[in-house]
Every structure is written in C-alpha cells, then in structure tokens.
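Here is the structure we will look at, set down as structure tokens.
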Amino acid sequence: MSDNTAVLEHVKESEASEAQPTTRTILSGPAEDTPDQPTWFRQQREQGWQDFSLLPNPTRKDQPWRFSNVDVLNLASYQSGNLPSDHDRAQILEQSVALDGKSGRLIFANDHFLERDVLPESLRKSGVIFQPLERALTEHEGLVRRYFMTQPAALGSAKFAALHRAHVRAGAFVYVPRGVELDLPIEIFHWLADENVAVFPHLLLVADETSKVTVIEHFRSVEKTRHGFACGVNDLIAGHGATVKYVCTQRWNENVVALQINATTVERDASAMSLNLHLGGAYSRFESLSRLVGEGARSDLLALSVAHHKQEFDARTLQDHRSPHTTSDLLYKNALSDRSRTIFGGLIRVERHAHFTDAYQKVRNLLLSDDAEANSMPGLEILADNVKCSHGATSGQVDEEEMFYLLSRGIPEIIAKQLIVAGFLDEVIGRLSNSLIGQHLRDLIADKFRLDATRAAIAA
Amino acid sequence: MQQLEINNLRVAIGESEIIRDLSLTVRTGEVHAIMGPNGSGKSTLAKAIAGQPDYRVTGGGVLMDGENLLELGPDERARRGLFLAFQYPSEIPGVTIADFLRAAAQSRSPEGEELEATDYYAKLYEKMDLLDIDRSFTSRSVNEGFSGGEKKRSEILQMAMLEPRFAILDETDSGLDIDALKIVAHGVNSLRSPNLGVLVITHYQRLLNYIIPDFVHVMVQGRIVRSGDKELALELEEKGYDWIRDHAEEPVLV
C-alpha cells in the first residue's frame with residue numbers, strides 16, 4: 001500500500017497484521033529487527049541498547065531527579081505488547097475520537113499500528129507526509145534519517161531516551177513542505193491495552209519553511225487498572241518562519257509509569273507552541289527542551305496537570321536561547337488534590353550571543369488539599385546582555401472569598417471547587433487560541449473531576 | 001405570604017461584637033431599606049445572613065418561613081431562595097458568566113436532571129436585555145476586569161436569573177454613576193413582585209429615589225435605632241446621621 005495509490009478521502013487503511021504472540025521483557029534486549037528496516041536504523045537501535053545498558057539508573061541525588069520518586073522506574077516486569085484482542089481493538093477504534101475536525105489520524109495500540117485516516121488528496125499532492133514511522137523509514141528514509149533523534153536528552157533521561165531508541169517501532173512521521181498550511185489538526189492515538197505492556201510512542205514532526213501545522217497526540221489506556229510503561233519521544237522542528245502547534249493529552253490509567261521526552265527546535269522567525277495536558281499515570285515525567293536556534297524564533301511552552309490520589313507529575317524544562325532576538329514563554333499550571341505531588345524544575349539559559357532575548361517562566365500551583373505537595377525549582381543562567389527574563393513559581397489555595405461567592409449562588413462546594421480549578425487552568429488553554437482543541441481539553445479536565453465527584457458521592 | 005425573620009441577632013468577628021441584638025422582619029412583596037453610617041454593621045448583617053464563615057453568630061436567629069437558616073450552609077440558604085448582591089463581588093478568573101450562572105441554575109434543578117440549554121439561554125438573554133447588558137458579556141470571566149457598573153449589573157442579572165424569594169442588596173449603589181444607578185434600579189424594580197422580599201442596604205438616600213422602599217430602618221452601632229417609611233430616608237439625608245445618634249430611641253453604647 002502506498003499513498004500514491006488512488007485512495008479516496010476518508011478512506012481507512014488497516015494494517016492489523018497477524019502478530020505472533022511474544023512476551024519479551026524490555027530489559028532482555030533491543031526490539032527485534034524487521035526485514036525492511038534500513039541498516040542505520042538497526043545500528044542506532046543497537047547503539048541505543050548499549051547506551052541504555054551502560055548509563056546508570058537515576059537517583060534522587062542527581063539534580064535532574066531531585067524530589068522524583070525514582071523507585072517507580074524498576075522496569076523488570078514490562079514487556080513488548082501483542083496486537084490487542086479483537087474485543088479491545090474494536091473498543092479502541094470506537095473510542096479513538098477526540099476532535100470534530102481533523103486532517104488525518106493514526107491509531108496505535110501496544111505499539112502496533114491499527115488504523116489510519118489518510119490526509120485529503122490535496123494535502124498529499126502538495127507533498128505533506130503523514131505516515132507510521134515504520135513505513136516512513138522505507139519510503140522517506142533520507143528525511144527521517146536526517147532528523148531522527150538528533151537532539152540530546154539533556155534533562156536527565158538520557159538513559160530512557162536510549163531505551164526508546166532501542167525499542168521504538170510505533171509512531172508518526174509528519175513532514176509539511178515549504179509554504180503548505182494545514183487548517184485542521186493531525187491526530188495520533190497511542191493506546192495501552194494489556195497488563196505490563198511497555199510502549200515507546202514516537203513523533204517526528206518537521207515543518208519546513210513558512211509551513212503551518214497542528215498535531216495532537218492522545219495517550220490512553222483501554223482499561224483502568226492494568227500496569228504499563230510508556231517511554232515516548234517527540235521531536236518537533238519548526239523551520240524558517242514555520243508555525244507549529246503541538247498538543248498532547250496524557251490519559252494513561254493510574255497504574256502506568258510514563259516518561260515523555262520532548263525536543264523542540266525553532267529556527268529563524270519560526271514559532272512553536274506546545275501544550276501538554278497531564279491527567280493520567282501513577283508517575284508521569286515530562287522533559288521539554290526548547291531550542292531557539294534562529295533569530296526571531298519564538299517558543300511557547302504550556303502545560304497543565306490535574307493531580308489526585310497519589311499521582312506524581314514531574315516536569316523538567318529548558319528554554320535554550322541560542323540566537324539573538326528570541327522569545328520563550330513558559331506557563332505551567334498544576335491543580336493538586338489528595339496526596340498528589342508535582343515537581344517542576346526549569347531553567348532558562350541565554351547563550352553568550354543571544355542578546356535581546358525575552359524569556360519568561362511562570363509556574364502556578366493550586367493546592368486543593370493540605371496533603372498535596374508542589375515542588376518548584378525555577379532557574380536562570382544568563383550569559384548575554386540586554387535580555388528580559390523573569391521567572392516565578394507560586395503555590396496557593398482556593399481563595400475563600402471566591403469560594404463564598406460561588407456558594408452564595410447555591411453552587412455546592414464540590415462543584416464550586418471544580419469551577420474555580422477549571423477557571424484557574426483556563427488561562428493556559430486560552431493561550432492555544434484553538435477553540436476546537438480547547439473545548440476538547442476542557443472536556444477531558446471536566447471528565448476527571450466527574451470521576452472525583454462520583455467518588456465523593458459514594459464516600460458520603 | 002412568606003417572611004424572613006431576624007430575631008435578636010448577635011454577630012461577632014473575632015472577639016468584637018458587630019451586630020447587637022437586631023430584629024427585623026421582611027415579608028415577600030415588601031422592600032425594606034437599611035441605612036446607616038460607615039461601621040454601623042450593615043454589611044456584616046448581610047454577610048451573616050448569607051452565611052459568610054468569618055462572621056460568627058453569637059445569639060438570636062434568622063428564620064426563613066420558619067426554617068432556621070443558621071443551621072444551613074451558604075449554598076443551601078441560596079437554594080432555599082436567599083440572594084445576596086455583594087458590595088464587592090469576587091473575581092473568578094477563567095470562569096465565564098454563562099458557565100457560572102449555569103452551574104447556579106443547575107444546582108436548583110432536581111437531582112440528576114440536566115438543565116435544558118435552550119431554555120436557559122433564552123431566559124438569560126431576556127434578563128440581559130432587561131438590564132441593558134451586551135451579549136458578549138456572558139463569555140467574559142466573572143467580574144474580571146469589570147467596571148463598577150458592570151459588576152453591579154452582573155449582580156442584578158444573577159438575581160434575575162436565580163429568582164430568589166428574599167434578596168439582600170449590599171450597597172449596590174456604591175461606585176455607580178447616576179446612569180449606572182438608574183439601570184441597576186430599573187432592574188431591581190422590574191423584579192419587584194408579591195413573591196419577592198428585598199432588603200436594600202445603603203449609606204446614601206440617593207438610591208432610594210429610584211428604588212422606593214416600603215420601610216426604612218436606621219442602623220447605628222449594630223442595632224436598628226429607628227424605623228419609618230420612605231420619609232425617614234429624606235429626613236436623614238437632610239439632617240445627617242448625627243441627628244439619629246442624638247435622638248436614638250434607646251441609649252446607644254459606644
């Protein structure tokens with residue numbers, strides 16, 4: 001099958017091949033090669049495995065892992081997944097729906113490709129590529145090789161980036177040629193289906209000069225309690241004057257341990273915006289490296305976490321200004337209930353020649369319980385002159401006056417709290433300036449609250 | 001006829017007693033005005049009735065149709081039909097007027113019953129037209145960046161939507177120019193009905209030119225020292241609060 005065949009728009013392709021059941025643990029070696037993989041890819045897979053084996057396990061004494069619950073990173077029980085059962089597959093396909101409008105869609109489960117909606121013919125004709133990574137490796141080998149995992153995992157997870165390199169097989173390659181604009185987002189779904197499965201979702205997004213594209217990834221679990229491990233990498237490249245928006249909704253179930261390693265490269269006059277919504281996972285770590293490499297580049301780093309029970313969200317960021325006249329703006333908001341924890345470690349680094357830089361970093365924590373814990377470690381490292389930088393992290397509780405105001409209108413306390421929290425988070429969603437995606441994010445947040453409301457009702 | 005009955009009420013903030021043995025009954029269909037100098041306890045009375053947790057009731061009772069409001073949480077009091085228009089309404093960042101009012105309306109629907117969206121919006125727009133409020137208002141965050149006039153109109157809009165049986169307007173005239181005052185007063189007057197009792201709290205007589213009260217009470221140092229009809233407000237305007245202090249019906253403790 002190839003994109004060049006005459007496929008009608010909205011045609012669905014399915015490559016759910018008969019996979020032989022395997023139960024290899026991820027610590028027994030790199031993923032097995034498949035016949036059509038190029039040699040360089042097999043080599044870097046071996047290299048990844050070697051690096052993973054040599055690099056030490058992180059400890060809390062390492063600055064990039066300070067405050068982190070590194071004990072959860074015992075990976076011995078996780079194994080590569082099989083194609084999910086017919087029943088689960090049917091459920092996954094039915095539920096892989098998020099936005100009303102999209103340019104295309106890819107669906108993976110347990111790192112197996114299930115189905116896709118190909119791009120409209122007009123976009124394919126203008127050279128836009130949106131393919132499963134495995135296929136892009138053969139059909140667009142040169143392009144993939146040029147950009148594949150070229151950025152260092154500089155924020156603590158070099159070992160896990162190496163593990164990803166050793167195991168990666170599922171994911172998407174998106175390439176938007178010069179001057180092409182996609183009006184509707186591209187959607188990618190990754191599902192975890194069975195007990196103790198590990199997945200390694202990959203996204204490589206290359207937006208060439210002055211192109212425009214929005215990609216949204218959805219991480220989800222089929223079932224509520226099965227354990228799992230997700231170790232994803234996404235590389236976003238915004239070429240000269242390009243506009244890239246990236247959104248991720250992380251809704252693994254609460255027995256999943258998740259690591260997500262992002263590198264964003266923003267070239268001259270380009271603009272990149274990412275928004276990560278963290279809802280799921282027992283422990284979920286997110287590393288985001290934003291490199292502003294060309295003059296006039298702009299990067300917006302946005303994230304939201306809604307933490308409850310004993311969830312832990314661990315975010316590490318670097319806003320790396322490597323050219324003059326660059327701008328970065330980070331806004332992270334966390335709402336914490338119960339005994340949940342969040343960690344933010346973020347650095348703004350302005351390199352020697354990156355004069356006239358504007359860099360901002362703002363973290364806001366809303367503590368909804370006395371037992372919740374928010375740790376913030378903002379940092380600045382400025383080597384250039386004439387820069388405007390600010391950073392700040394604050395934690396607060398629900399304002400009592402606000403609460404009384406809502407109560408005085410008859411709104412019960414639990415709903416009032418939800419409204420206040422949703423309002424607190426809304427500033428971040430507003431920055432995305434995309435009502436279609438914004439509404440979806442609001443719905444997901446409301447869903448998580450609904451679960452908590454049900455729990456409260458049962459307890460009462 | 002229903003009534004809001006305040007009996008020998010005493011309210012303290014911390015250790016200091018602000019309301020000292022205050023009694024007042026408001027029936028549906030009536031408009032009462034409470035006037036008084038700064039620090040006389042007018043706003044404390046309003047907030048204590050609404051259930052503000054910082055205000056500690058140390059004696060007396062507040063009954064609505066015989067039910068003791070003081071045993072209910074502030075949200076329950078509101079759902080029973082009590083409404084407080086705030087002097088300084090809180091800003092709720094990121095929560096739109098539409099979502100806020102919808103949550104308030106939803107809280108009055110029977111358990112498990114979803115509010116009908118079309119009906120809700122039809123009603124909302126009708127009330128907004130009445131108060132000369134632009135439609136774009138509903139997508140703004142509650143009170144965030146509102147002018148003084150917008151805040152007060154928003155309070156009256158909420159009152160119109162929630163259809164209380166008893167409404168307390170706490171210094172609704174403060175910070176309003178005459179045009180805004182007229183709009184707000186017009187809104188309140190249009191809501192006057194045999195099914196609504198209103199308690200207007202104000203420092204100035206001016207508001208009472210537009211919302212004509214049936215009864216006027218003068219409050220000094222935590223208690224009502226004189227009651228009368230609307231003429232009392234005019235007399236007070238003319239002679240000032242010192243006149244009341246000098247002619248209090250019972251000795252006023254300092």
Side-chain angles (χ1 to χ4, degrees), chain A residues 275 277 302 304 306 331-335 362 364-366 368 394 396-433 435 438-439 441-443 445-446 449-450 453-454 456-458 460, chain B residues 46-55 69 72-109 111-112 139-144 151 154-155 157-159 161-164 167-168 170:
Chain A
L275 191 160
L277 172 64
L302 306 169
L304 296 167
V306 182
L331 177 63
Y332 277 29
K333 287 196 170 187
N334 302 311
K362 197 163 101 175
R364 296 281 177 269
N365 300 305
L366 182 59
L368 301 163
T394 56
Q397 289 161 337
V398 170
D399 183 274
E400 282 181 18
E401 293 279 325
E402 279 179 44
M403 178 52 88
F404 176 63
Y405 189 64
L406 293 170
L407 291 175
S408 79
R409 298 307 180 238
I411 301 170
E413 189 171 348
I414 188 161
I415 307 286
K417 225 176 198 181
Q418 288 170 21
L419 276 174
I420 289 172
V421 175
F424 164 76
L425 300 175
D426 213 66
E427 180 191 2
V428 180
I429 296 174
R431 292 244 188 130
L432 194 63
S433 312
S435 55
Q439 194 48 51
L441 301 179
R442 288 184 187 101
D443 290 346
I445 292 168
F449 285 132
R450 246 190 295 282
T454 315
I458 291 167
Chain B
K47 287 185 175 167
I49 295 171
Q52 222 285 358
D54 295 341
Y55 297 79
L69 284 189
L72 303 175
D75 56 323
E76 293 170 296
R77 298 182 199 191
R79 293 198 295 273
R80 296 284 203 283
L82 183 72
F83 182 85
L84 170 63
F86 284 62
Q87 181 179 6
Y88 303 112
S90 289
E91 296 181 3
I92 319 284
V95 178
T96 64
I97 291 272
D99 286 348
F100 171 63
L101 270 173
R102 198 168 170 171
Q106 179 68 53
S107 73
R108 286 155 173 83
S109 305
E111 185 90 19
S139 54
R140 291 172 65 186
S141 292
V142 175
N143 294 320
E144 207 179 28
K151 281 185 183 169
S154 158
E155 292 295 290
L157 173 66
Q158 293 171 40
M159 175 176 158
M161 284 299 287
L162 299 178
E163 298 175 338
I168 304 171
D170 187 9

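A, B, ... follow the sequence lines: proteins, then strands. Residue 1 opens every chain.
Under the 4.5 Å side-chain criterion, counting only non-hydrogen atoms from C-beta, I92(B) is in contact with L406(A). When side chains are defined from C-beta on, R77(B) does not count as touching L407(A), because their heavy atoms never get closer than 4.5 Å. Side-chain contact between P74(B) and F404(A) is present, with heavy atoms from C-beta onward closer than 4.5 Å. Side-chain contact between P93(B) and E402(A) is present, with at least one heavy-atom pair separated by less than 4.5 Å.
Heavy atoms closer than 4.5 Å to chain A are found in the backbone of E91(B), but not in its side chain. Both the backbone and the side chain of Q52(B) come within contact range of chain A, with heavy atoms under 4.5 Å apart. At a 4.5 Å heavy-atom cutoff, P164(B) makes no contact with chain A through either its backbone or its side chain. Heavy atoms of E413(A) lying under 4.5 Å from chain B belong exclusively to its backbone.
Taking chain A as the reference chain and counting heavy-atom pairs below 4.5 Å, the highest number among P89(B), G73(B), A105(B) is found for P89(B). Note on R79(B), E76(B), R80(B): by heavy-atom pairs under 4.5 Å with chain A, the leading option is R79(B). Ranking S90(B), A104(B), A78(B) against chain A, the residue ahead of the rest is S90(B), based on heavy-atom pairs under 4.5 Å.
In this structure, I414(A) CD1 and D75(B) CG are separated by 12.0 Å, a value rounded to the nearest 0.5 Å. To the nearest 0.5 Å, the span separating CD on Q158(B) from OG on S408(A) amounts to 7.5 Å.
For R409(A), the salt bridge (charged side-chain N to carboxylate O under 4.0 Å, His left out) partners are E155(B), not counting sequence neighbours. The ring-ring contact (aromatic ring centres under 6.0 Å, His included) check on F83(B) picks up nothing, with sequence neighbours excluded.
Scanning both residues, S107(B) and I411(A), for their nearest heavy atoms gives OG-N, 4.1 Å.
Ring pair Y405(A)/F100(B) is parallel by interplanar angle, where below 30° counts as parallel and above 60° as perpendicular.
For Q439(A), the CD atom is densely surrounded, since the number of other residues' heavy atoms within 6.0 Å is greater than 12.
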